[in-house]
Amino acid sequence: MNQETRVRTRFAPSPTGYMHIGNLRTALYAYLFAKAKGGDFILRIEDTDRARYVADAVEFIQNTLKAAHIVPDEGPGIGGDVGPYVQSERQEIYRRYAEDLVKSGHAYYCFCDDKREEQEIAGSFKGYPRTCRDLPLAEVERHLAAGDPYVIRQKMPLAGETTYFDVLHGNITIPNEELEDQVLLKRDGLPTYNFANVIDDHLMGVTHIIRGAEFITSTPKHVLLYEAYGWDLPVFIHLAPVMGKDAEGQVSKLSKRHGATSFNDLVNMGYLPEAITNYVALLGWNPKTTNQEIFSMEELKELFSLEGLSKSPAIFDYDKLGWINGEYFKRLTDAEFAALARPYAGDLPENLAAKWDFLAALLRTRLTKLADIPGEIAFLKEMPPFAAALYVNKRNKVTVEKSLEILPPIIEILAGIDEANWTNDYLYAALNEHIEKVGLKKGTAMWPLRIALAGQTVTPGGATEILYLLGKEISLERLRDSLDKLSV
RNA sequence: GGCGCCUUCGUCAAGUGGUUAAGACACCGCCCUCUCACGGCGGGUUCAUGGGUUCGAAUCCCAUAGGCGUCACCA
């Protein structure tokens, strides 16, 4: 390929209505590479399996890419010079190319039934099926004239080996006897993946094929096709898979048992699309020149290079995703975060709903995903039952007895504060004054207060913040109730 | 099973013959602190195993093991 060739990459999903995070990463890398090189990124839909067709899947894919800020230059609904970009609309093209291959002797009509199962049982599956490989021309014409159903198969070399170059893995060589005379055109007239893929990549001018490692062993078949047509080979880049780890620590290809595996699942859990994209970019790619980890899409487009790709599988790590998501939360303003987080809080009692912005600000630095919000704020909606042992805190020198002494005067002070002054700042100042007067350590007084108020040791916000959120009435109610239980 | 790919801390990873083997997440400790979190400082038997090559190997070669993929009229 010469220097002036414009880089063109593509993402070619089948319309399943589900965007696996591994697929999203493939799309991302193909997109980033094209953009890093000032080239084009194409979206092509590979819907040649009628049985697997899912309604609205194309729209779903487009929406997902949009949410992830991956923007195709060409594709269905976008246009471009080499469309259509949906394979089911290109049927005639494949047929023509398949027939050309028959004429040039690289493929042949096959009228056999699909006997694979029988053959496998018989244990002679290798080399199958080549029955029609050398069918006399007259015989072929007789079948065609009779309208017999057929497939077109690729004629593989019986000996030797095929080698191609992969950017990540170097030369890959597969013995030709491993290659089956694969079907190119199916009985229903539609092409198989292995055929349509090659035709389209060539016709659409794709220069770099970035796809999953599961295609490493079928690529020699594609290479043979390119050679049969006399076409230049594109550059192959086979990405290592994304793995998951289950509860037992077993590693396997990322799937349901590892939790959410689709982009949309993660978004619904409250990971920001930008954070997911950022994390996924780093899962199998490293910028090399910097230790930076938080990247905008613009930065990624500039930095991305094939050299940073990793050839070994990477395990999807929710901890790291959570950290990156948290970093994105911290970069938002309080108002932005409050708006984004509100739907996850569910129905809020009036007192809390009115103070949502204040609550959200407390939550912002404490969360790794929005779906954790209900659990974080449950104690504000309803006082959880708790054991007196929670009052005991060594570092703040608090015991149950001590709490019994500390609480009553504080409750009295709080009861005397006017509703109008019931703000975090005022409450904090008032309590602080009392604490200093009686010579307590701040933590010693605040600990039991927060426990009596919240019923749990870990809370978003400190004692006075919780007082403010709960409001005077509920706060005093909770405190008196807790004190009663403690006195028994 | 055949063929193929992969193998640096628990995880993501830098590293391309000479480094105290970066950095990040997670974990642990300390500091900060009205708890937690945030922030700051610090900690940890990491080069799968066995052979070579070399003055010297995480880096090169060969085996072994393990993991993964593939062997469809699915992609």
Side-chain angles (χ1 to χ4, degrees), chain A residues 12-16 46-49 51-52 110 113-114 116-117 120 125-126 149-153 166 168-169 172-175 177-180 182-194 196-197 211-220 238 240-241 243 245 249-253 279 282-288 290-293 308 310-324 326 330 362-368 376 390 393 395-396 427-428 431-432 435 441-447 449-451 454 456-467:
Chain A
S14 57
T16 59
E46 309 221 327
D47 58 344
T48 58
D49 185 4
R52 280 218 275 183
C110 175
D113 288 334
D114 188 4
R116 168 167 293 275
E117 270 181 45
E120 274 178 298
F125 141 80
K126 196 163 207 171
Y150 65 89
V151 300
I152 292 181
R153 288 184 183 275
D166 179 286
L168 255 55
H169 301 104
I172 291 176
T173 300
I174 309 274
E177 60 178 343
E178 295 293 325
L179 275 26
E180 184 180 71
Q182 64 172 349
V183 169
L184 265 21
L185 212 60
K186 298 185 278 191
R187 197 166 288 235
D188 63 7
L190 286 167
T192 57
Y193 164 83
N194 284 309
N197 200 259
R211 70 194 353 166
E214 64 270 27
F215 296 113
I216 285 180
T217 29
S218 51
T219 300
H238 288 103
M243 313 291 282
K245 193 185 257 187
Q250 290 295 307
V251 172
S252 58
K253 202 165 179 181
Y279 172 67
L282 261 20
L283 197 61
W285 175 77
N286 180 289
K288 302 263 187 186
T290 171
N291 275 333
Q292 184 182 336
E293 303 213 75
S310 162
K311 57 182 173 176
S312 52
I315 298 173
F316 192 92
D317 180 15
Y318 284 92
D319 282 333
K320 185 89 180 208
L321 204 216
W323 175 75
I324 287 181
K330 284 173 214 155
L362 294 178
L363 254 14
R364 199 155 72 89
T365 60
R366 285 162 235 257
L367 288 174
T368 58
E376 289 289 317
L390 294 195
N393 182 272
R395 206 182 115 235
N396 288 311
L427 290 164
Y428 184 77
L431 289 181
N432 214 225
I435 287 164
K441 279 195 64 178
K442 210 179 301 173
T444 311
M446 294 297 196
W447 178 273
L449 175 58
R450 195 172 53 87
I451 297 298
Q456 57 192 39
T457 56
V458 175
T459 56
T464 60
E465 284 151 334
I466 294 170
L467 281 171

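Quick caveat, the model's predicted, so the values are computed rather than measured. In what follows, chains carry the letters A, B, and so on, assigned in the order in which the sequence lines appear, proteins first and then strands, with residues in each chain numbered from 1.
Within the 4.0 angstrom heavy-atom criterion, only backbone atoms of the sugar-phosphate kind lie near Ser312(A); the bases stay farther away. In this structure, Ser218(A) reaches neither bases nor backbone, as no heavy-atom distance under 4.0 Å exists between it and the strands shown. Within the 4.0 angstrom heavy-atom criterion, no nucleotide atom of any strand lies near Gly322(A). Within 4.0 Å (heavy atoms only), Thr16(A) reaches no atom of the nucleic acid at all. Looking at heavy-atom distances under 4.0 Å, Phe316(A) makes no contact with the nucleic acid at all. Residue contacts for Thr459(A): at a heavy-atom cut-off of 4.0 Å it reaches a base atom on one of the strands shown. Among the protein residues, Tyr279(A) comes within range of no part of the nucleic acid, since none of its heavy atoms lies under 4.0 Å from any strand. Arg395(A) comes within contact range of at least one nucleobase, with a heavy-atom separation under 4.0 Å.
One can place CG of Leu449(A) at 19 Å from P of U33(B), the figure rounded to the nearest angstrom. One atom, NZ of Lys330(A), and another, P of C38(B), lie 6 Å apart when rounded to the nearest Å. The interatomic distance linking His238(A) (NE2) with C6(B) (C1') rounds to 15 Å, in whole Å. In this structure, Leu168(A) atom CG and G4(B) atom C1' are separated by 15 Å, rounded to whole Å. In this structure, Glu465(A) places its CD atom 12 Å from C1' of U33(B), rounding to the nearest Å. The distance from atom CG of Leu467(A) to atom P of C34(B) is 15 Å, rounded to the nearest whole Å. For the pair His169(A) NE2 and U70(B) C1', the computed distance is 14 Å after rounding to whole Å. In this structure, CG of Asn194(A) is placed 9 Å from C1' of A75(B), rounded to the nearest angstrom.
The side chain of Val151(A) lies closest to C73(B), out of C73(B), A75(B), U35(B). Of the candidates A37(B), C12(B), C6(B), the closest approach to any side-chain atom of Lys311(A) belongs to C6(B).
Between the side chain of Thr48(A) and the backbone N or O of Leu190(A) there is no donor-acceptor pair closer than 3.5 Å. With Asp166(A) contributing its side chain and His238(A) its backbone, the two residues share a donor-acceptor pair below 3.5 Å. With Tyr279(A) contributing its side chain and Asp317(A) its backbone, the two residues share a donor-acceptor pair below 3.5 Å. With Gln456(A) contributing its side chain and Val458(A) its backbone, the two residues share a donor-acceptor pair below 3.5 Å.
Atoms NZ and CD1, on Lys441(A) and Ile435(A) in that order, are 11.5 Å from each other to the nearest 0.5 Å.
The side chain of Lys186(A) places an N or O atom within less than 4.0 Å of a non-bridging phosphate oxygen (OP1 or OP2) of A75(B). Side-chain nitrogen and oxygen atoms of Thr444(A) include none within less than 4.0 Å of the OP1 or OP2 phosphate oxygen of C34(B).
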query = If the sugar-phosphate is the primed atoms plus P, OP1 and OP2 and the base is the rest, what is the B/S/- string for nucleotides 19-28 of chain B, using protein heavy atoms under 4.0 Å?
reply = ---BSBSS--
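Between Ala314(A) and Ile172(A), the one whose closest nucleotide on RNA chain B sits nearer the 5' end is Ile172(A). Annotation: of the two residues near RNA chain B, Trp285(A) and Thr464(A), the 5′-most nearest-nucleotide partner is Trp285(A).
Using cut-offs of 30° and 60° on the angle between ring planes, the pair Phe215(A) and Tyr193(A) is parallel.
Between Asp47(A) and Pro15(A), the shortest heavy-atom distance links the atoms CB-CG, 3.6 Å.
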